[in-house]
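These notes concern the structure reproduced below.
Below, chains carry the letters A, B, ... as their sequence lines are ordered, and counting in each starts from 1.
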There are 2 protein chains.
Amino acid sequence: MKGQRSATLDDVARAAGVSRATASRVVTGQGPASSRARDRVAAAVIELGYVPDAAARALASRSGTRLAIAVIGHTAAVLDDPYVGRVLTTAAHIAAEREVGVSLHWLPLNEPVTLAGLAGSRGLGGLLVVNPTRPALETVPRDLRGRVAAIGVGTRDVPSFDVDNRTGTEGVVRHLVSTGRRRIAMVTGPSWLPCGDRAVEAYQRVMRDSGGETRVVPGDFTAARGAAAAAEIMTRWPDTDAVFALSDLTALGVLDGLHALGVSVPGDVAVAGFDDIAFASLSRPALTTSTHPVEEIATAAARAVLDRDGSAPATFFPSTLVVRESA
Amino acid sequence: MKGQRSATLDDVARAAGVSRATASRVVTGQGPASSRARDRVAAAVIELGYVPDAAARALASRSGTRLAIAVIGHTAAVLDDPYVGRVLTTAAHIAAEREVGVSLHWLPLNEPVTLAGLAGSRGLGGLLVVNPTRPALETVPRDLRGRVAAIGVGTRDVPSFDVDNRTGTEGVVRHLVSTGRRRIAMVTGPSWLPCGDRAVEAYQRVMRDSGGETRVVPGDFTAARGAAAAAEIMTRWPDTDAVFALSDLTALGVLDGLHALGVSVPGDVAVAGFDDIAFASLSRPALTTSTHPVEEIATAAARAVLDRDGSAPATFFPSTLVVRESA
DNA sequence: CCCACACATGGAAGCGCTTCCACCGCAATA
DNA sequence: TATTGCGGTGGAAGCGCTTCCATGTGTGGG
């Protein structure tokens, strides 16, 4: 075995007895080529074990082959959220299928989104921004327009893909009401995340319709905050008989906080979450929640940017109630 | 605003009144440069908002700027493991710090590892293989040697970084023994994963020393398998008084399976896991486990490949017992 | 006062690929 | 037979960058 240097397109062209231009056309499948040329090049590719160099390709075609995922949040810890993990692995599947790479980035909240700085934007095939704020989206560089999608809330220029928080929330809260709960508290998402607003509105509407009062405490999608919120809620409103958290992670934290307080679930207080993460069914009591079709959302978003499909401004995916033990 | 085309090194050089070569030296920090040139170039970079093109850089320097993470497993579902998620986010941090991208790949088990095919290996700055088999590692192309590290078991040529399964397992099993358990069953990892062998040996040794018998059932690091394993164990050995799973996910599944069987934990059977994932403290009862310093492991591995530090053949990171309610 | 020897610098040659463009031959059209 | 048109092709020009090399500059020792 002597082939230290891996084969280049020139090697392939030479072996196939065609020009590099022709070889390129065959390999990329772009442009005309006689079946004879096609066969010879294909054979040479196999024989030499040729693998196109992604960097050279990106450079020459000025169109990147990498799908970047930027997660916005206060700290880099947002990268550890199971929700982000699911977005990422889903995107990785799509990317693998298109033979492009994936890169993961954290963008600090409130800083102008220097998306251009994402490891050399020229090599970018597409960009998925997770949980963006509208101001952040305004800073997306012009030359990236049409190759960006938001997972969460979008803007006129940036299409968005998100779960239907509104009907999802309605489903959960109505279920809580149907089991006789009236004094239902809600733990929201981070205040800077606009997608939570619709959920809060839906909660308020259902509560109004059923004659209950609203009790809202801010959350941040973490379990730690859920435990703290549970204590806060039971202190401010001791007669609370249900807690709905806009995140399973937070709901799990609520379960933990309630347990520490000696409150029984669902006996004294029912608890429901949102997202239906893998652990929701493993908790004791198993968590009642509403699905968050992250795989579908991320798939749609990834395909949209990779296909340069800048059509639909906002797509919402339905969420369905999953009743388990906690409510 | 007219700057459609983003700034190139040529623009910077022109603005700074130096040659492109000098500008390159300043930007990369390689090679000599007068402080005057340094200042002028730095100013131009700021003013023009210059961002180096990763693709061009990789092409010209023939040294990639991407950290690839390849996870080996039967199905692409391995990408969803929380362990892989932690490796990934940790690597993303290191990568961000070095200004390189990260890409995620799934490599089918038992297929020759065509690592060369990972989206154009020439652009690869480093490769982290998660849970490799030794045969897989043998297929790593020559030109990648020195830029590859294994997270799990390695080979002579590929350095490895892993948790110290042996002492970690000893700690957990000894703890079980110290609380009076003697009929302890163990749920292992996938049989093709060699790193689990040392754990099994450690378990067997402790059991032998304490006069207990060994009861081993195969696992695969999933929660579903844990539930099934629980049923299997209680059927084959109804007098089992403790279960140790080599993965928290599996242990959580065991908890679930035991609950379905009406077995109380830790009353009838104690349960312990391994990894100390975030949800271990949230389960009811909270899971007793042993830490898996994934962040440290992934950090060390990422730095090793990025720094071309092909020194230590195998590094093991200590695991410490975390006692909670389940055991 | 001259030679050596650093250091600093610009010119130029690529890295491996895509793509524009001119060109050739051949069938279909006039 | 003289035109058009077009699928197929190779030459060549880059994409933005790093890096080798030859060429100036300034310092010190002889």
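- If you take CZ on B:Arg20 and CG on B:Asp10, they are separated by 4.5 Å, rounding to the nearest 0.5 Å.
- Along DNA chain C, the nucleotide nearest B:Arg38 and the nucleotide nearest A:Gln30 are compared for position; the residue whose nucleotide lies closer to the 5' end is B:Arg38.
- Distances shown here put every side-chain N or O of B:Ser61 at or beyond 4.0 Å from the OP1 or OP2 atom of D:dT18.
- Using cut-offs of 30° and 60° on the angle between ring planes, the pair A:His74 and A:Trp192 is perpendicular.
- A straight line from CZ of A:Arg20 to P of D:dA12 spans 11 Å, rounded to a whole angstrom.
- At a threshold of 4.0 angstrom between heavy atoms, the contacts of A:Ala21 include nucleobase atoms, whether or not backbone atoms are also involved.
- Taking only distance into account, the side chain of A:Arg25 never meets the base of C:dT19 through a donor-acceptor pair shorter than 3.5 Å.
- The A:Arg57 side chain lies nearest to C:dT18 when the options are D:dC17, D:dC15, C:dT18.
- To the nearest 0.5 angstrom, B:Thr8 atom OG1 is 6.5 Å from B:Arg14 atom CZ.
- Computed from coordinates, the A:Asp53 CG to C:dG16 P distance equals 7 Å when rounded to whole Å.
- With rounding to whole Å, B:Arg36 atom CZ is found 15 Å from C:dC7 atom C1'.
- Rounded to whole angstrom, the span from the CG atom of B:Asp10 across to the P atom of C:dG10 amounts to 13 Å.
- For the OP1/OP2 pair of C:dC15 and a distance below 4.0 Å, the side-chain nitrogens and oxygens of B:Arg62 include no atom meeting the criterion.
- Using a 4.0 Å cut-off, some side-chain N or O of B:Thr22 falls inside it from OP1 or OP2 of C:dG10.
- Residue B:Thr8 places no side-chain N or O under 4.0 Å from the OP1 or OP2 atom of D:dG16.
- Dashed line: the shortest gap from a side-chain N or O of B:Ser34 to OP1 or OP2 of C:dA8 is not under 4.0 Å.
- In this structure, A:Val148 and A:Val305 approach most closely via the heavy-atom pair C-CG1, 3.5 Å.
- The A:Leu9 side chain lies nearest to C:dT18 when the options are C:dT18, C:dT9, D:dC17.
- Both A:Ala56 and B:Ala37 lie close to DNA chain C; mapped to their nearest nucleotides by heavy-atom distance, the more 5′-ward contact belongs to B:Ala37.
- B:Asp220 and B:Thr222 share a side-chain donor-acceptor pair at under 3.5 Å.
- Atom CG in B:Asp39 sits roughly 16 Å away from atom C1' in C:dT9 (whole-Å rounding).
- When rounded to the nearest whole Å, the span between CG of B:Leu48 and P of D:dG16 equals 14 Å.
- The nucleotide whose nearest atom lies closest to any side-chain atom of B:Thr28 is, among C:dT19, D:dG14, D:dT18, D:dT18.
- Distances shown here put a side-chain N or O of A:Ser24 below 4.0 Å from the OP1 or OP2 atom of C:dT18.
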